[in-house]
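Step one of this worksheet: look at the structure below.
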There are 2 protein chains.
Amino acid sequence: MVFSMDQVSAGDNEADRSGPLSAVLEQQIEHLILSGELGPGVRLNEIPLAGRFGTSRGPLREALRGLQARGLVVVGANRGMYVRAISPREALEIYDLRAAVFGLAGRLLTDRVTDAMLDRLSGFLNEMDRLAAARDLEGYYHVNLDFHEFLVTSAGNSLLVEQYKSLVNKLHLCRTRGLVQAGGLSVSNREHREMVDGLASGDRYRAQEAFFRHVERAKLRFWSTVEGQQGIIQS
Amino acid sequence: MVFSMDQVSAGDNEADRSGPLSAVLEQQIEHLILSGELGPGVRLNEIPLAGRFGTSRGPLREALRGLQARGLVVVGANRGMYVRAISPREALEIYDLRAAVFGLAGRLLTDRVTDAMLDRLSGFLNEMDRLAAARDLEGYYHVNLDFHEFLVTSAGNSLLVEQYKSLVNKLHLCRTRGLVQAGGLSVSNREHREMVDGLASGDRYRAQEAFFRHVERAKLRFWSTVEGQQGIIQS
DNA sequence: CCGTATTTGTCCGTATGTATG
DNA sequence: ACATACATACGGACAAATACG
């Protein structure tokens with residue numbers, strides 16, 4: 001008997017349908033990590049953590065193993081588990097992977113893009129232009145997220161979506177202060193226009209390259225802020 | 001308590017006391033899966049499996065959660081865990097991701113390639129030409145693996161290596177018979193030359209595209225064999 | 001449709017080794 | 001070197017869901 005069971009990805013909130021408790025814990029802890037409530041480097045003590053969720057250590061350990069395999073938690077032999085802390089050097093590697101995956105989204109999207117999608121993308125661009133002019137960092141940030149999410153999910157490759165989100169999540173484990181500055185908004189949106197223009201041109205390579213370079217330039221902006229903060233980076 | 005020490009079951013129990021037992025189990029089971037000993041779709045019963053390795057269910061479940069997060073095992077709620085079976089459709093998605101990651105390797109490699117590396121790569125090419133002419137499928141297969149591994153590891157991005165291997169592993173979970181045919185060897189090696197030429201040219205985009213298209217063409221070859229085997233593929 | 005057996009999911013108690021003070 | 005704390009792992013137990021007859 002073949003099976004194509006889809007995952008438990010059902011709602012991620014509350015005391016919902018108790019699927020495997022370990023899966024619920026995994027999502028809860030992931031949320032705690034990504035929300036910053038459990039910052040990078042924080043030690044994850046089993047007993048208090050299990051008590052916090054009202055479970056025993058068994059399911060908790062299973063959940064942490066899952067997070068470990070997904071790169072959000074690291075373990076030291078007999079030394080416990082910690083929220084992964086990503087160095088700026090590792091962040092650069094992640095940016096490169098993200099650029100490649102995002103570039104693939106552009107390449108794939110070129111062959112499936114419709115006029116309706118191009119209209120919607122234009123809407124995103126205009127909205128972001130407006131917010132950038134108004135210096136509304138918060139608003140720009142969210143529309144920017146929606147814009148990227150729309151692009152990635154429209155590429156028609158579910159594995160791509162998964163990998164992209166995983167890379168973005170890992171990037172959040174590198175603590176740097178103030179990644180966005182108002183000056184960068186208009187620059188960023190110009191890159192967005194190049195991406196959409198690439199899609200509209202129907203040239204896969206041009207679209208792929210526009211998508212790739214958008215992330216690559218984000219990497220450079222990230223690196224410049226890191227250089228500004230610390231004089232020397234330890235590998 | 002009749003059971004004391006009976007098992008050195010039909011397996012390879014190294015006195016490998018390295019690290020958490022769950023990690024050891026994870027690697028062992030991964031090896032069993034990738035070697036085909038546990039084929040796609042096989043059910044993983046906890047009790048017999050734990051007995052096979054002489055451990056309790058705890059560490060075994062942790063190991064399986066890790067494999068689940070890495071995509072080699074799927075779990076149905078209260079229905080047990082199975083070795084993941086990848087459909088041809090999913091395999092296509094994986095090929096696209098692999099192309100993007102491999103293309104990134106080419107792009108990164110262009111800026112770090114040395115004359116010594118180019119010489120070594122030429123050696124690979126000549127060796128594969130020789131084996132292709134001799135119709136030595138087995139030999140070509142292994143040198144081909146070394147060639148790709150050398151390229152990926154030389155790109156200087158450890159995350160890239162990890163992701164690439166993960167994608168290749170997942171591809172092994174799609175059961176198809178006879179992926180390689182003698183006729184494809186010379187074709188494949190012509191693509192390899194284009195890749196190396198791209199690196200030697202110093203043009204990142206050319207190298208990236210050569211790397212990308214090499215995997216893309218492998219995807220097409222894979223798809224044609226799948227089409228040949230089954231008439232129609234259900235979505 | 002119902003009863004039973006198997007298996008998963010979970011919890012608890014405990015033993016052992018290792019790291020830390 | 002000693003003692004404490006903790007991670008790791010074992011074994012047993014039970015509830016709940018599932019599969020099977």
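Every chain is numbered from 1 and lettered A, B, ... according to where its sequence line falls, protein lines coming before strand lines.
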When A/Gly54 and A/Ala77 are each assigned the nearest nucleotide of DNA chain C, the 5'-most assignment goes to A/Gly54

Return no unless some side-chain N or O of B/Asn45 is found under 4.0 Å from OP1 or OP2 of C/dT6. no

Need the pair for D/dC14. Rule: Watson-Crick or G-U wobble, both distances under 3.5 Å, any strand; none if unpaired. C/dG9

Kindly indicate whether the side chain of A/Lys165, heavy atoms from C-beta on, has any atom under 4.5 Å from the side chain of A/Glu149. yes

Nearest-angstrom distance from the residue atom CG of A/Asn78 to P of C/dT16: 16 Å

Indicate whether OP1 or OP2 belonging to D/dT8 is found under 4.0 Å from a side-chain N or O atom of A/Arg61. yes

Would you check if B/Ile29 and B/Phe53 make a side-chain contact, meaning some heavy-atom pair closer than 4.5 Å? yes

Working note: B/Asp146 + B/His142, criterion side-chain hydrogen bond (donor to acceptor under 3.5 Å, both in side chains); need CA distance, chi angles, decisive distance, verdict. CA-CA 6 Å; B/Asp146 292 341; B/His142 284 106; over 6 Å; no

Whole angstroms only, please: what is the CD-C1' distance between B/Gln68 and C/dG9? 14 Å

Whether the side chain of A/Arg57 and the base of D/dT8 hold a donor-acceptor pair under 3.5 Å is what I'd like checked. yes

Parallel under 30°, tilted from 30 to 60°, perpendicular over 60°: which one fits the rings of A/His192 and A/His214? perpendicular

Contact class for A/Gly58 vs. all strands (heavy atom < 4.0 Å): base, sugar-phosphate, or nothing? nothing

B/Arg43 or A/Ile47: which one's nearest nucleotide on DNA chain D is closer to the 5' end? A/Ile47

Between B/Glu62 (CD) and D/dT8 (P), how many Å, whole number? 8 Å

Using whole Å, report how far CG of A/Leu64 lies from P of D/dA7. 10 Å

Looking at the side chain of B/Arg65, which of D/dC10, D/dA7, C/dG9 is the nearest nucleotide? C/dG9

Give one of base, sugar-phosphate or nothing for B/Leu44, where a contact means two heavy atoms less than 4.0 Å apart. sugar-phosphate

B/Arg65, B/Arg57, B/Arg52 screened by salt bridge (charged side-chain N to carboxylate O under 4.0 Å, His left out) with B/Glu46, the one that passes: B/Arg57

It should be established whether B/Arg79 places a side-chain nitrogen or oxygen under 4.0 Å from OP1 or OP2 of nucleotide C/dT7. no

If I take atom CG in residue B/Leu21 and atom C1' in nucleotide C/dT18, what distance separates them, rounded to the nearest angstrom? 16 Å

With a 4.0 Å cut-off on heavy atoms, is B/Glu46 in touch with a base, just the backbone sugar-phosphate, or nothing at all? sugar-phosphate

